[in-house]
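Note that the structure is predicted; figures quoted are calculated from it, not measured. Just so it is clear, the values below take in all heavy atoms, side chains as well, and ignore hydrogens, waters and symmetry mates.
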Amino acid sequence: MGFKVLFSDYEYTSVEIEENLIREQVPDVEFIHAQCRTEEEVIEVAKDVDAIINQYAPLGKKVIEQLENCKVIARYGVGINTIDLPSAATKNITVCNVTDYCLDEVSDHALALILSLARKVTFLNNKVKQGIWDYKVATPMFRLKGRVLGLLSFGNIAQKVAQKAKVFGFKVIAYDPFIPEEAAKNLDVELVDFDDLFKRSDVISVHTPLNDATRGMVGKEQFALMKKEAFIVNTSRGPVIDEKALIEALQNHEIAGAGLDVLEIEPIEEGNPLLEMEHVILNPHAAWHSSESEIELKTKTAQNVADVLLGKEPKYVVRPS
């Protein structure tokens, strides 16, 4: 009897790479394609599958409790906030992600947003296209050298941002209670406490994963601590920032601007005040993307599934802790 592999949802034009890789290694496999948006839709198609490849569809406790044969859930990407890990552990389901497929892409994108905000590139582009040829509309603008870049979390991507930002002369500080001080020292980065990160930074770049502890961790109190000329950039997950508090801080000129690749609700809803703000750059959750990173993500996600179905230990296993 063969294996059933469910694609719970995906936004790619094709899943041929994944299917070919799994089919080459796993005998007698059937693929099921869905575009689930709710737990109920997942339950309807997932009950007896052996593996789930997941992008954004919610795989909460209610879903996982009804999986009869599932051995592995493999997520496209780093974040695993779509999956109830304790429930998966109870059912002995291996959960996999891919932690290293887009380190350069996201760090480059974060730095692009930082530079565009600091040098007001996007703002000035829009002014020129409106018929305004005047550099003074971008006042105040500050030299990058010596400015303070604060990194919220100091994992793999943030460490790459630190290395790249130093080329432009930024002084880099970071908040991350899980990173040993030695790791930061090796990159000439100062670890600071949570409040100091917001008080001292000229730019905040958010890189923390989304979980119960980090949801809404950047809110009204943090914006009140920031300098009025400071910017915030987010290339991690939208709900890490309290969007209502961010909008109020921007409207009240408590901070100078924001560069957001991710939002609380995606796609952004019509009427969101952020759409009308000149000092805000919005991208459609694109920081991870390149032709190379998409192929790498698809390949590694599929390999996670193949390994588990073949009784092997996959390279990328998410531990419940």
Please list all pairs passing the ring pair (Phe, Tyr, Trp, His ring centres under 6.0 Å) test where one or both residues lie in residues 49-71, with sequence neighbours left out. none
Qualifying ring pair (Phe, Tyr, Trp, His ring centres under 6.0 Å) pairs, either residue in residues 282-319, two or more places apart: none
Just so I know, are the side chains of [X] and [Y] near enough to count as touching, which here means a heavy-atom distance under 4.5 Å?
{"X": "H207", "Y": "K160", "answer": "no"}
{"X": "F7", "Y": "Q55", "answer": "no"}
{"X": "I173", "Y": "L151", "answer": "no"}
{"X": "N252", "Y": "F223", "answer": "no"}
{"X": "V240", "Y": "M217", "answer": "yes"}
{"X": "L260", "Y": "L246", "answer": "yes"}
{"X": "T38", "Y": "E44", "answer": "no"}
{"X": "H279", "Y": "F231", "answer": "no"}

Could you check whether atom [atom1] of [X] has more than 12 heavy atoms from other residues, nucleotides or ligands sitting under 6.0 Å from it?
{"X": "Q35", "atom1": "CD", "answer": "yes"}
{"X": "E40", "atom1": "CD", "answer": "yes"}
{"X": "E276", "atom1": "CD", "answer": "no"}
{"X": "E266", "atom1": "CD", "answer": "yes"}
{"X": "E181", "atom1": "CD", "answer": "no"}
{"X": "E68", "atom1": "CD", "answer": "yes"}

Do [X] and [Y] pair up side chain to side chain, a donor and an acceptor below 3.5 Å, judged on atom types alone?
{"X": "N156", "Y": "T99", "result": "no"}
{"X": "Y12", "Y": "E18", "result": "no"}
{"X": "D307", "Y": "Q303", "result": "yes"}

Could you pull out the closest heavy-atom pair between [X] and [Y], with the gap in Å?
{"X": "V233", "Y": "A110", "result": "CG1-O, 4.1 Å"}
{"X": "K298", "Y": "V15", "result": "NZ-CA, 3.8 Å"}
{"X": "G2", "Y": "D50", "result": "O-OD2, 4.1 Å"}
{"X": "V262", "Y": "R237", "result": "CG2-C, 3.5 Å"}
{"X": "G257", "Y": "L250", "result": "CA-CD2, 3.7 Å"}
{"X": "E278", "Y": "F123", "result": "OE1-CE1, 3.7 Å"}

Following the transitive rule for hydrophobic clusters with a side-chain heavy-atom cut-off under 4.5 Å over Ile, Leu, Val, Met, Phe, Trp and Tyr, establish whether [X] and [Y] coincide in one cluster.
{"X": "V42", "Y": "I64", "answer": "yes"}
{"X": "L197", "Y": "I255", "answer": "yes"}
{"X": "L282", "Y": "L124", "answer": "no"}
{"X": "L191", "Y": "L152", "answer": "no"}
{"X": "L297", "Y": "V5", "answer": "yes"}

Any donor-acceptor pair under 3.5 Å from [X] side chain to [Y] backbone:
{"X": "E39", "Y": "G60", "result": "yes"}
{"X": "K4", "Y": "N69", "result": "no"}
{"X": "N283", "Y": "A286", "result": "no"}
{"X": "E41", "Y": "R37", "result": "yes"}
{"X": "E229", "Y": "A256", "result": "no"}
{"X": "N186", "Y": "E182", "result": "yes"}
{"X": "D134", "Y": "K136", "result": "yes"}
{"X": "N272", "Y": "L275", "result": "no"}
{"X": "T214", "Y": "P209", "result": "yes"}
{"X": "E243", "Y": "L263", "result": "no"}

Within 45 degrees of the axis of the six-membered ring of Y101 and under 6.0 Å from its centre: does K300 put its NZ or CZ there? no
Would you sort out whether D261 and T235 count as a side chain to side chain donor-acceptor pair (under 3.5 Å), showing the intermediate values? CA-CA 5 Å; D261 183 55; T235 53; over 6 Å; no
Derivation and outcome, side-chain contact (heavy atoms from CB on, under 4.5 Å), residues L115 and V121: CA-CA 8 Å; L115 295 175; V121 176; over 6 Å; no
Would you please test V172 and D188 for side-chain contact (heavy atoms from CB on, under 4.5 Å) and show each step? CA-CA 8 Å; V172 184; D188 191 26; over 6 Å; no
Take D104 and K164 through the test salt bridge (charged side-chain N to carboxylate O under 4.0 Å, His left out) and record every step on the way to the result. CA-CA 10 Å; D104 275 310; K164 294 170 183 178; 2.9 Å; yes
Start with the C-alpha gap between F142 and D202, add the side-chain angles, then the distance that decides, and say whether side-chain contact (heavy atoms from CB on, under 4.5 Å) holds. CA-CA 10 Å; F142 302 98; D202 298 296; over 6 Å; no
Between [atom1] of [X] and [atom2] of [Y], what distance do you get to the nearest 0.5 Å?
{"X": "R23", "Y": "E30", "atom1": "CZ", "atom2": "CD", "answer": "11.0 Å"}
{"X": "L59", "Y": "C70", "atom1": "CG", "atom2": "SG", "answer": "8.5 Å"}
{"X": "D100", "Y": "K315", "atom1": "CG", "atom2": "NZ", "answer": "5.5 Å"}
{"X": "I80", "Y": "N54", "atom1": "CD1", "atom2": "CG", "answer": "11.0 Å"}
{"X": "M277", "Y": "L274", "atom1": "CE", "atom2": "CG", "answer": "5.5 Å"}
{"X": "I73", "Y": "N97", "atom1": "CD1", "atom2": "CG", "answer": "12.0 Å"}

Is the shortest side-chain N to carboxylate O distance from K171 to E190 below 4.0 Å?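 E190 and K171: salt-bridged.
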With respect to P314, which candidate in N304, V95, V72, V305 satisfies the side chain to side chain contact (heavy atoms under 4.5 Å, CB included) definition? N304
List the steps and the verdict of side-chain contact (heavy atoms from CB on, under 4.5 Å) for F170 and L144. CA-CA 6 Å; F170 279 103; L144 297 179; 3.8 Å; yes
